[in-house]
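Have a look at the structure below before the remarks.
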Amino acid sequence: MNDWKNLCELMGNLDENGVMDVLDQFIATKPSEQETEEAVMLCQKGMSEVGDRFSAGEYFLGDLIFSGELLTNAFEKLKPLMGSASSEKVGTIVLGTVKGDLHDIGKNIFRAMAEAAGFEIVDLGIDQSAEEFVKKVKEVKPQIVGTAGVLTLALNSMKDTIEALEAAGLRDDIKILIGGTPVSKEACEDLGADAYATNAAEAVKICQRWVG
Ligand code: B12
């Protein structure tokens, strides 16, 4: 029998039955929120493995598409364990995947965890231009803006977005959190963001600190 600690390997192997069986067994043990976050991270690591095997020519685009569906389905199973969206709103986050990038699974995981923590999320979706972010921030007046992306090129779009928010005179009223695979401490400093996150659970903690 597979242990849930094997989730990374099963996900990397695109073993759909294995992943779903393990998750069913895992859920039956009534795991803690911390264990659930760990399970999400194991799935995330498994996706890096898929990416590496795609780069190495072992997996093809169809496998990448399948991996996305597999992770989305896996997260749907885990989502109820994250707690339901709190009715008391602690803050508002305008969130979106930046221009040129169509990846949204990580963004959606962050969204679900932030909602469970009581944040109202205004999700712009994928491939969103700097102008769309500016428009929505003017309209909604959030405390936080979250830019998502997994392509290396997403960093350029995040930079454009932050510059556009500055040019629109909105920068001083918001905290900017950049998230996804290519973000780092260096990128955060270069882009002039307030924080970065490669892990949704950590990202929620940062947002909670910001809204006090
Ligand atoms: C699934 C996948 C796809 C799916 C995406 C489906 C979807 N709906 O998102 C599909 C098949 C569509 C796809 C397409 C492509 N992909 Co792709 N894809 C992946 C893969 C395997 C997994 C990404 C993923 O979901 N990871 C799991 C999630 C949970 O992790 P995460 O995004 O990091 O999210 C976590 C944190 O970062 C954080 N977080 C995420 N977002 C945010 C946002 C905020 C605000 C915060 C606070 C936190 C936060 O919370 C999450 C949970 O902890 C990666 C491999 C990899 N190493 O990432 C390649 C990868 C990203 N893809 C890649 C490529 C090349 C492509 C394509 C160009 C392929 C092609 N030839 O067409 C296209 C690009 C399309 C485009 N313009 O965007 C490359 C990118 C290379 C690069 N360095 O730029 C990668 C790295 C694969 C590789 N090694 O070559 N892809």
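Both counts, for ligands and for their atoms, begin at 1 and track the order of listing.
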Between ligand 1 and S67, is the shortest N or O to N or O distance under 3.5 Å? no
Short check: is a protein heavy atom less than 4.0 Å from atom 54 (C) of ligand 1? no
I want to know if ligand 1 touches A200 in the polar sense, i.e. an N/O pair below 3.5 angstrom. yes
Per-atom contacts of ligand 1 with L61, taking only distances under 4.0 Å to non-hydrogen atoms: 69 (C), 70 (C), 72 (O)
Should I178 be counted as touching ligand 1, given the test is an N or O pair under 3.5 Å? no
When you measure from atom 87 (C) of ligand 1 to every protein heavy atom, which one gives the shortest distance, and what is it? G51 CA, 3.8 Å
Counting only heavy atoms closer than 4.0 Å, does ligand 1 sit against the backbone of L95, its side chain, both, or neither? side chain
What residue and atom, counting heavy atoms only, is the protein's closest point to atom 58 (O) of ligand 1, and at what distance? T181 OG1, 4.0 Å
Below 4.0 angstrom, counting only protein heavy atoms, does anything approach atom 14 (C) of ligand 1? yes
Any side-chain heavy-atom pair of E58 and D52 under 4.5 Å: no
Examine G149 against ligand 1 and note whether any of their N/O atoms are separated by less than 3.5 Å. no
How close does the nearest protein non-hydrogen atom get to atom 40 (C) of ligand 1, and which residue and atom is it? G106 C, 3.5 Å
Atom name, H103 (N, O or S, nearest to atom 17 (Co) of ligand 1): NE2
Return a yes/no value for T152: is any of its N or O atoms, backbone included, closer than 3.5 angstrom to an N or O of ligand 1? yes
Counting only heavy atoms on the protein side, is anything nearer than 4.0 Å to atom 29 (C) of ligand 1? yes
Proximity to ligand 1 by part of L64, non-hydrogen separation under 4.0 Å: both
Could an N or O of ligand 1 be found under 3.5 Å from any N or O of L151, whether backbone or side chain? no
